[in-house]
Amino acid sequence: MPNPTALAFGFPRSKVAETDHWLVLVRPKQPTFGSLVLVCKEPVQAFSDLSPEAFADMRVAVAGIERVLKASVAYEKINYLMLMMVDRDVHFHVLPRYEGAREHEGTSFPDTGWPAAPALGSAVALDDAAVERLAQDLAAAWTAA
């Protein structure tokens, strides 16, 4: 059973990939194009409570994320933010960062915070269908790479 954080971010519709201990999901509110959420599948609410196996498996998930986003978004930097104020299960917001904007399906995704901190309040909100399409596109890239 997925945890409440995964469900809050649209799992299973938003699923890009899954490792033994992590889910990679499209973030419905996109401060930058390709923003994801990396959610631990273990029932923990403190980073220090992750099992050694989850810590090791995080490397697999992060390598996949960076490979896919580099190819799909051509980011210049990448930010991993652990913001567990509302959604309490261990998770990271993954934001590819770039100067200017990226276009996808006729929508512009500017990085309005570049080159400083990400502007989380300036996110492009995707509807459920757009989240699912982006998740499928990124999942295909994950599998192909």
Side-chain angles (χ1 to χ4, degrees), residues 1-98 101-105 107-114 117-145:
M1 179 72 182
N3 63 40
T5 299
L7 295 173
F9 286 102
F11 180 83
R13 173 184 68 257
S14 60
K15 180 180 158 188
V16 172
E18 184 172 359
T19 67
D20 290 342
H21 294 88
W22 297 91
L23 293 169
V24 179
L25 309 175
V26 167
R27 190 179 193 274
K29 293 181 182 173
Q30 297 268 296
T32 60
F33 178 63
S35 292
L36 303 173
V37 184
L38 177 62
V39 181
C40 186
K41 296 189 301 188
E42 293 184 337
V44 296
Q45 296 185 340
F47 193 42
S48 60
D49 288 340
L50 290 181
S51 70
E53 295 80 13
F55 273 113
D57 190 45
M58 187 167 61
R59 184 192 186 299
V60 174
V62 167
I65 286 168
E66 292 182 4
R67 181 184 69 247
V68 166
L69 291 180
K70 192 59 136 172
S72 302
V73 179
Y75 67 83
E76 296 171 54
K77 300 281 186 182
I78 193 163
N79 295 161
Y80 291 85
L81 307 175
M82 182 178 269
L83 306 171
M84 297 180 353
M85 299 301 292
V86 175
D87 302 299
R88 299 209 174 257
D89 303 295
V90 171
H91 70 286
F92 295 87
H93 297 261
V94 182
L95 308 177
R97 304 297 309 280
Y98 44 80
R102 300 295 187 264
E103 303 292 324
H104 183 72
E105 294 187 343
T107 301
S108 179
F109 295 83
D111 184 344
T112 58
W114 182 267
L120 298 177
S122 296
V124 174
L126 301 178
D127 64 25
D128 290 348
V131 166
E132 190 167 353
R133 287 191 307 274
L134 181 55
Q136 290 170 350
D137 290 349
L138 295 175
W142 186 289
T143 303

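Just so you know, residue 1 is the first one in the sequence shown, and it goes up from there. Here the structure is a predicted model, which means the values were calculated and not measured.
Taking a 6.0 Å sphere around NZ of Lys29, one finds it holds 12 or fewer heavy atoms contributed by other residues, nucleotides or ligands.
The shortest side-chain heavy-atom distance between Gln45 and Val90 does not fall under the 4.5 Å cut-off. The shortest distance between side-chain heavy atoms of Ser72 and Asp137 does not fall below 4.5 Å. Taking the side chain as every heavy atom from C-beta outward, Tyr80 and Ile65 approach each other to under 4.5 Å. Within the 4.5 Å cutoff, the side chain of Glu53 has heavy atoms near those of the His21 side chain.
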Notebook entry, point to check: For Arg133 and Glu105, what are the C-alpha separation, side-chain angles and deciding distance, and is it a salt bridge (charged side-chain N to carboxylate O under 4.0 Å, His left out)?
Noted result: CA-CA 10 Å; Arg133 287 191 307 274; Glu105 294 187 343; 2.9 Å; yes
Next item on the list: Take Trp142 and Val24 through the side chain to side chain contact (heavy atoms under 4.5 Å, CB included) test and state the conclusion after the steps.
Entry: CA-CA 11 Å; Trp142 186 289; Val24 179; 4.0 Å; yes
Checklist line | Worked check of side chain to side chain contact (heavy atoms under 4.5 Å, CB included) between Leu38 and His91 | finding: CA-CA 5 Å; Leu38 177 62; His91 70 286; over 6 Å; no
Margin query: ring-ring contact (aromatic ring centres under 6.0 Å, His included), that's the test. Do Phe55 and Phe47 meet it? Break it down for me.
Written below: CA-CA 9 Å; Phe55 273 113; Phe47 193 42; 5.2 Å; yes
Next item on the list: Evaluate side chain to side chain contact (heavy atoms under 4.5 Å, CB included) for Lys41 paired with Glu18, printing each intermediate quantity in order.
Entry: CA-CA 9 Å; Lys41 296 189 301 188; Glu18 184 172 359; 2.7 Å; yes
Check: Could you go step by step and tell me if Val37 and Val94 meet the side chain to side chain contact (heavy atoms under 4.5 Å, CB included) rule?
Finding: CA-CA 6 Å; Val37 184; Val94 182; over 6 Å; no
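How far OG of Ser35 is from CG of Leu25: 13.0 Å, rounded to the nearest 0.5 Å. Here CD of Glu76 is found 7.5 Å from NZ of Lys70. Values are rounded to the nearest 0.5 Å.
A donor-acceptor pair is defined here as one N or O able to donate and one able to accept, closer than 3.5 Å; such a pair exists between the side chain of Thr32 and the backbone of Pro96. Of the possible polar contacts, none joining the Asp128 side chain to the Arg13 backbone as a donor-acceptor pair under 3.5 Å is found. The main-chain N or O of Gly34 is found under 3.5 Å from a side-chain atom of Gln30 such that the two form a donor-acceptor pair. A donor-acceptor contact shorter than 3.5 Å links the side chain of Thr5 to the backbone of Asp89. Side chain of Ser14 to main chain of Phe9: a donor-acceptor pair is present (N/O by atom type, distance under 3.5 Å, no hydrogens or angles).
Applying the side-chain contact (heavy atoms from CB on, under 4.5 Å) test between Leu95 and each of Leu120, Ile78, Leu69 identifies Leu120 as the sole match. None of Tyr75, Tyr98, Phe109 except one satisfies the ring-ring contact (aromatic ring centres under 6.0 Å, His included) rule with Phe33; the exception is Phe109.
Closest of all the heavy-atom pairs between Ala101 and Pro110 is CB-CA, 3.7 Å. Listed here is the closest heavy atom pair of Pro28 and Val131: CA-CG2, 3.9 Å. Between Trp22 and Ala61, the shortest heavy-atom distance links the atoms CB-CB, 4.1 Å. The nearest pair of heavy atoms linking Gly113 to Arg97 is C-NH2, 3.3 Å. The shortest non-hydrogen separation linking Thr112 to Ser122 is OG1-CB, 3.3 Å. Contact between Val124 and Ser108 at its shortest, heavy atoms only, is CG2-O, 3.8 Å.
With hydrogens and angles left out, the side-chain atoms of Glu42 and Ser51 include a donor and acceptor closer than 3.5 Å.
By the side chain to side chain contact (heavy atoms under 4.5 Å, CB included) test, Asp20 is found to be paired with Asp57, residues two or more places apart in sequence or in another chain being considered.
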